[in-house]
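Okay, so here's the structure we're looking at.
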Amino acid sequence: MLRSLGQRHVTVGDEDVRVVALRTAVSRLRRQLAVLPADFPDRGIAEDELADLAAMAGHGIPEAARLRRALLLIAGAIGSVSALGAGLTEVRHAVELFGDPPRR
């Protein structure tokens with residue numbers, strides 16, 4: 001949903017649905033990561049970035065550039081863990097709701 005196209009952001013009550021979707025996706029991926037028995041080198045990075053995303057979603061409308069940066073770090077950290085692929089995709093879709101990156 002882009003304001004430049006004349007569209008408004010949808011809200012549920014007082015919350016932007018994009019923030020709700022992000023919070024839900026991040027929470028789900030954090031739970032999946034927590035129960036994953038396998039340890040991998042960048043697990044701490046993924047956990048930290050997911051915590052940052054959760055904090056951003058808890059404080060209003062997050063900045064799209066910060067969301068994309070966190071998503072890249074998470075994807076790099078857990079990208080090869082196939083058990084987390086669906087959860088990562090859900091987080092990516094939630095981040096995409098905040099708009100496309102600026103074109104160069």
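Sequential numbering from 1 along the given sequence is applied to the chain's residues. Both backbone and side-chain heavy atoms feed into the values below; hydrogens, waters and symmetry mates do not.
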With a 3.5 Å cut-off and sequence neighbours excluded, list the donor-acceptor pairs that the side chains of residues 38-48 form with protein atoms.
| from | atom 1 | to | atom 2 | distance (Å) |
| --- | --- | --- | --- | --- |
| R43 | NE | E47 | OE2 | 3.2 |
| R43 | NH1 | L36 | O | 3.2 |
| R43 | NH1 | A38 | O | 2.5 |
| R43 | NH2 | L33 | O | 2.3 |
| R43 | NH2 | L36 | O | 3.2 |

Sequence neighbours left out, what passes side-chain contact (heavy atoms from CB on, under 4.5 Å) with R66? Give chain and number order.
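Only M56, E63 meet the side-chain contact (heavy atoms from CB on, under 4.5 Å) criterion with R66.
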
If the condition is side-chain contact (heavy atoms from CB on, under 4.5 Å), which residues does A64 pass it with, not counting sequence neighbours?
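A64: side-chain contact (heavy atoms from CB on, under 4.5 Å) contacts with R68, F98.
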
Compare every heavy atom of L22 with every heavy atom of A57, then report the nearest pair and how far apart it is.
CB-CD2, 4.0 Å

Applying the side-chain contact (heavy atoms from CB on, under 4.5 Å) criterion to E49, which one of I78, I74, V91 satisfies it?
I74

Report yes if the side chains of L53 and L29 come closer than 4.5 Å at any heavy-atom pair, otherwise no.
no

Do D52 and L73 have side chains that approach each other closer than 4.5 Å (heavy atoms only, starting at C-beta)?
no

By side chain to side chain donor-acceptor pair (under 3.5 Å), which residues pair with S27, not counting sequence neighbours?
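Checked S27 against side chain to side chain donor-acceptor pair (under 3.5 Å); matches are R31.
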
I'd like to check the side chain to side chain donor-acceptor pair (under 3.5 Å) partners of R23; sequence neighbours left out, ordered by chain and number.
E15

Identify all side-chain donor-acceptor contacts of residues 82-90 below 3.5 Å with residues at least two apart in sequence or on another chain.
| from | atom 1 | to | atom 2 | distance (Å) |
| --- | --- | --- | --- | --- |
| T89 | OG1 | G85 | O | 3.0 |
| E90 | OE1 | R28 | NH1 | 3.0 |
| E90 | OE2 | R28 | NH1 | 2.5 |

CG-CD distance between L67 and E96, expressed to the nearest 0.5 angstrom
11.5 Å

Are L97 and L72 in one and the same hydrophobic cluster, where Ile, Leu, Val, Met, Phe, Trp and Tyr link if side-chain heavy atoms are under 4.5 Å apart?
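No: no chain of side-chain contacts under 4.5 Å links L97 to L72.
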
